[in-house]
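Encoded as structure tokens, the structure appears first; notes follow it.
Atoms within each ligand, like the ligands themselves, are counted from 1 in listed order.
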Amino acid sequence: MKIFCVGRNYSEHAKELNNELPSDPVIFLKPKSALLLPNTPFYYPQFTNELHYEAELVLHISKNGKYIDEAQASRYYDGITVGIDFTARDVQTELKKKSLPWEKAKAWDNSAVLGTWQQLQKAASKNSIEFSLKLNGEMVQKGNSNEMIFSFNRVIADISQYFALNIGDLIYTGTPSGVGECVVGDVLSGYLENDKVFEIEIK
Ligand code: ZN
């Protein structure tokens, strides 16, 4: 199982981190060990002093493929949920300054939170799926798939030019603006449309 993540897929978020808007999807990976398994506590990592949440729509790949045509890409995923791409922002800032790879900031153990899968058919339109993140009960991030710079289908087509997609792979499709810090004791809850799909406490 592979975990793909899209960087800078919402223009307001790219701006808040002073990043240029990409002309092609920015893709990075997390290893399988990054996935926070259900009923596993999440501990604040000791290597960062600036842990950021990034709430994202996550797709579940349901069909193997390579060199997928954008027009056919919607056949390759069947489930959707909300997850968190946890980021050690201080570590990332240092790595970015030196143009070094991001793994130490983004690919560490338990850095990928995953909500409960929802059938994609439930969503009124794949092109307009709302999601949000609450921090201690207050909404801090709100996004809609229609604000993405690169659509689900474009992202799948792009990834599959470089990497084979396999059943069970995950795609974190990027975070909207509003990313921010969280500390020990904070509770984060993710919503897909009106359904709560996860709740975790930082320990
Ligand atoms: Zn992200």
Side-chain angles (χ1 to χ4, degrees), residues 1-36 42 44-45 47-48 50-61 77 80-96 100-115 129-135 139-152 154-156 158-159 162-163 165 169-182 186 188-192 197-198 200 202:
M1 187 262 275
K2 305 187 286 303
I3 304 172
F4 297 99
C5 302
V6 186
R8 306 173 191 170
N9 204 14
Y10 290 79
S11 54
E12 289 303 311
H13 169 64
K15 275 186 219 159
E16 75 183 345
L17 294 183
N18 295 316
N19 289 318
E20 271 176 42
L21 291 187
S23 49
D24 283 302
V26 174
I27 304 294
F28 60 95
L29 285 96
K30 293 185 189 243
K32 194 178 167 188
S33 48
L35 200 63
L36 181 71
F42 178 86
Y44 195 104
F47 49 78
T48 178
E50 194 185 15
L51 177 67
H52 270 203
Y53 51 78
E54 294 190 357
E56 317 202 350
L57 288 171
V58 186
L59 301 178
H60 177 265
I61 296 298
Y77 57 99
I80 188 163
T81 190
V82 179
I84 299 178
D85 163 24
F86 269 121
T87 304
R89 194 70 72 199
D90 48 354
V91 176
Q92 189 192 30
T93 304
E94 284 308 305
L95 293 170
K96 275 165 80 177
L100 289 171
W102 280 355
E103 278 84 350
K104 283 183 168 178
K106 286 210 173 253
W108 35 275
D109 293 352
N110 299 340
S111 62
V113 175
L114 191 63
I129 299 173
E130 253 189 30
F131 66 106
S132 58
L133 182 77
K134 288 183 180 174
L135 172 68
M139 195 177 293
V140 286
Q141 280 194 286
K142 195 176 164 64
N144 190 305
S145 59
N146 65 18
E147 299 160 359
M148 298 192 314
I149 299 171
F150 303 108
S151 67
F152 295 154
R154 172 72 199 281
V155 165
I156 286 171
D158 186 81
I159 289 174
Y162 302 83
F163 310 95
L165 280 170
D169 287 350
L170 308 179
I171 304 178
Y172 284 67
T173 58
T175 197
S177 62
V179 301
E181 233 184 308
C182 44
D186 281 348
L188 293 159
S189 39
Y191 294 81
L192 184 69
V197 292
F198 69 79
I200 65 154
I202 317 264

Close side-chain approach of I84 to F42, heavy-atom, < 4.5 Å = no
Do you see a donor-acceptor pair shorter than 3.5 Å between the side chains of Q141 and S132?
-> no
Excluding waters, which protein N, O or S atoms are within less than 2.8 Å of the Zn ion (ligand 1)?
-> E54 OE1, E56 OE2, D85 OD2
Give a yes or no on whether the backbone of E50 and the side-chain of T48 come within a donor-acceptor separation of less than 3.5 Å.
-> yes
Backbone of A34 reached by a side-chain donor or acceptor of D109 within 3.5 Å = no
Give a yes or no on whether the backbone of V58 and the side-chain of T81 come within a donor-acceptor separation of less than 3.5 Å.
-> no
Judged by modelled atom types alone, do K106 and S111 share a side-chain donor-acceptor pair under 3.5 Å?
-> no
